[in-house]
Amino acid sequence: MVNTNKPSVKLKVSNLSINYGEASALRDVNLDVYENEIFGIIGPANSGKTSFLKTINRMDIFTPGMKVVGDIIFNGTSLDQWRNVYALRSRIGVVFPLPVGLPLTIYENVALAPRLAGVKNRTELDIIVERCLTRAALWDEVKDRLDSLGSMLSGGQQQRLTIARALSQEPDLLMLDEFSIAVDPVTTMRIEDVLKELKHEMTIILVTNLVQQAYRLADRTAFFLMGDCVEMGNTEDLFSGNVQDERTRDYIEGRFG
Amino acid sequence: MSNSPEINIFAESELNISNKKTEGLFRILYMMMTWLLILPVATILAILVYKGGPMISFEFLFSNPIKGMTAGGIFPALIGTVWLVSVALLFSVPLGVAAAIYLSEYAKDNWFTRMINLAIINLAGVPSIVHALFGVGAFVLFFGFGTSILAASLTLGIMTLPVVIVSSYESLQAVPMAFREACWSMGATRWQTIRRIVLPNSVSGILTGVILEVSRTTGETAPIMFTGAAFFLPYLPESVFDQTMALSLHLFVVSTQVPHVPEGLPYGVALVLIGMVLTMNAASIAFRTYLRGRKKW
Ligand SMILES: Nc1ncnc2c1ncn2[C@@H]1O[C@H](COP(=O)(O)OP(=O)(O)O)[C@@H](O)[C@H]1O
Ligand SMILES: [Mg+2]
């Protein structure tokens, strides 16, 4: 996979199609995500963006009727050959559209993944919790109340808590699904800054409903429309009007639907 | 329009007034129905306390029945009921909760699962006397436990299993799916998710099922009558293979089977029986409230 000229491929998706029963949600998607890039995915609702993310960490198996065909290679190994889906998932951090604060304290929310991975030592956990909360730009706001419930935080804080939780898995790949839907603009900006930093340590797939967010953050961007990957290319190109498909330009310029 | 007569938008219209009347009427109606519901319970309790209250004494609670059960106490029956209920709980709570966890967290929606659900519903509908006869056939005779606490408790346990399963299932389902998905997507197994997230957030509901079961188990007579409860046996049981007296059966016996029982005695037994149920319920509810207070979402 590693090529001297090209950046190395973190995730290679070939001929991916997703069906829910008879209904098709995604058709024949081919794309590569490179190491240490932010890969943006834009597109209107129901285009298959969330379904796409679900297949990458094999969450499709929890959705009855969801059928996936195609090949996904993550870290050089085909998903079919990842014997242990739990190990796969623990390499991939996920942030959902609405913050899902687990019914635990702030501390335990972040300590859960390490605990699941077998870390028991309290000082070790303390270090992980502080580091992850700091990197998610939340530490200063919560350091004095780590033992209060995660659900007591504001929406924006909860979303940063879920990012801290995702980071506590020490993921190679971070997938964010429309993270800013329930977050105020100021927090959105703070999280965007966090993502720019995180990119140096991991690969990020950013599904976003905000076209401008993809423009601000993504190195490359794919445009999903009604189950088709209509366009994929450097974000710069897409946003300077250098597109293969007119619909991409229309969507980016907000002339849609 | 400027020339239309000014309307006070805050004034009550005809419609508002009639709505208000209907509202008030239904309020009173529903309140009366609720009171009607309380009435029988209050009456029963009042009569029991009035007639049975004078019977209750240390001696009544802690001594054997004497003179053909027309005098003395109810100690063996009291202890017997505690045995029967405890062993039944030991059997049905782990089994019921495990079944509920399986159905809620593991089972796929297929014909097999639907069959299990159907079986549970039917089990809940089986009359207690049929359970009793099943208990005789299965536990007393087939498994050879004889008429014993074990046989009686297993019969009671099976009878109350559906309550435990259904109420546990429902409280497990009340935990939002998003929590599970978040947990799974971190690489947690199903069991890790159940242990760390689902169970801690559904214990209070599961306890409700147990409360219901306790109340029901304590009062049941038919299922234990032929399987392990004795008419008169003034000794305390030593193991689950002994027979025992039980409060519910004792109440039946002193009310209908024995001549020359003083009038207050059955009321006293009934009062103790109800007192036991209420005490256990109160304790469980208190515990549940405590757990609810720590609910985390
Ligand atoms: N669990 C499901 N069952 C059936 N259809 C689904 C399910 N989830 C998504 N879909 C359908 O798949 C299509 C893509 O949905 P989704 O991946 O959520 O799109 P997006 O995230 O871009 O809004 C939609 O038409 C949606 O109705
Ligand atoms: Mg979506």
Side-chain angles (χ1 to χ4, degrees), chain A residues 50 53-54 56-65 82 84-106 108-118 147-153 158 161-162 164-171 173-175 177, chain B residues 100-117 168-208 287-297:
Chain A
T50 301
L53 294 187
K54 269 192 185 175
I56 292 173
N57 65 346
R58 299 299 322 273
M59 286 296 284
D60 55 292
I61 60 175
F62 291 113
T63 312
W82 272 86
N84 183 346
V85 288
Y86 308 111
L88 170 74
R89 292 196 193 115
S90 68
R91 313 266 5 101
I92 302 176
V94 187
V95 175
F96 297 97
L98 298 176
V100 182
L102 290 172
L104 300 166
T105 63
I106 295 171
E108 289 300 330
N109 258 286
V110 185
L112 182 58
R115 278 190 202 278
L116 292 173
D147 288 328
S148 59
L149 288 175
S151 51
M152 294 293 152
L153 297 173
Q158 282 197 44
L161 180 62
T162 63
R165 198 175 65 208
L167 294 177
S168 74
Q169 298 170 231
E170 309 220 351
L173 174 64
L174 182 63
M175 306 198 295
D177 191 0
Chain B
I101 290 178
Y102 172 76
L103 288 172
S104 160
E105 307 297 316
Y106 290 94
K108 296 205 169 70
D109 185 24
N110 54 25
W111 67 270
F112 181 64
T113 310
R114 282 194 286 271
M115 211 176 67
I116 296 178
N117 279 322
S168 305
Y169 177 83
E170 264 153 27
S171 39
L172 290 168
Q173 288 285 302
V175 176
M177 201 59 197
F179 292 169
R180 293 185 183 84
E181 279 171 2
C183 218
W184 292 333
S185 70
M186 300 166 75
T189 62
R190 276 185 195 261
W191 173 242
Q192 285 174 321
T193 307
I194 294 166
R195 222 202 66 29
R196 291 183 185 267
I197 304 294
V198 181
L199 270 185
N201 288 289
S202 49
V203 262
S204 66
I206 290 172
L207 265 178
T208 315
F287 188 52
R288 202 180 78 196
T289 316
Y290 164 74
L291 289 174
R292 279 248 176 95
R294 303 186 346 181
K295 194 157 182 165
K296 293 170 184 135
W297 83 84

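Residue numbering restarts at 1 for every chain, and letters A, B, ... go by the order of the sequence lines.
Shortest non-hydrogen contact noted between A:Gly101 and B:Phe179 is O-CE2, 3.5 Å.
From A:Leu104, atom CG reaches atom CD1 of B:Ile197 across 4.0 Å, with rounding to the nearest 0.5 Å. Taking OG1 of B:Thr193 as the start and CG of A:Leu112 as the end, the distance is 8.5 Å to the nearest 0.5 Å. Of the inter-residue distances, the one linking B:Cys183 atom SG with A:Arg165 atom CZ reads 8.0 Å to the nearest 0.5 angstrom.
Top candidate by heavy-atom pairs under 4.5 Å with chain A, chosen from B:Glu181, B:Met186, B:Arg196, is B:Met186. Ranked by heavy-atom pairs shorter than 4.5 Å toward chain B, the options A:Glu108, A:Arg115, A:Met152, A:Met59 are led by A:Met59. Contact count against chain A (heavy-atom pairs under 4.5 Å) is highest for B:Arg190 among B:Arg190, B:Lys108, B:Arg180.
Residue B:Ser185 is tested with A:Val100, A:Val95, A:Asn57, A:Ile92 for a side chain to side chain contact (heavy atoms under 4.5 Å, CB included); the sole match is A:Asn57.
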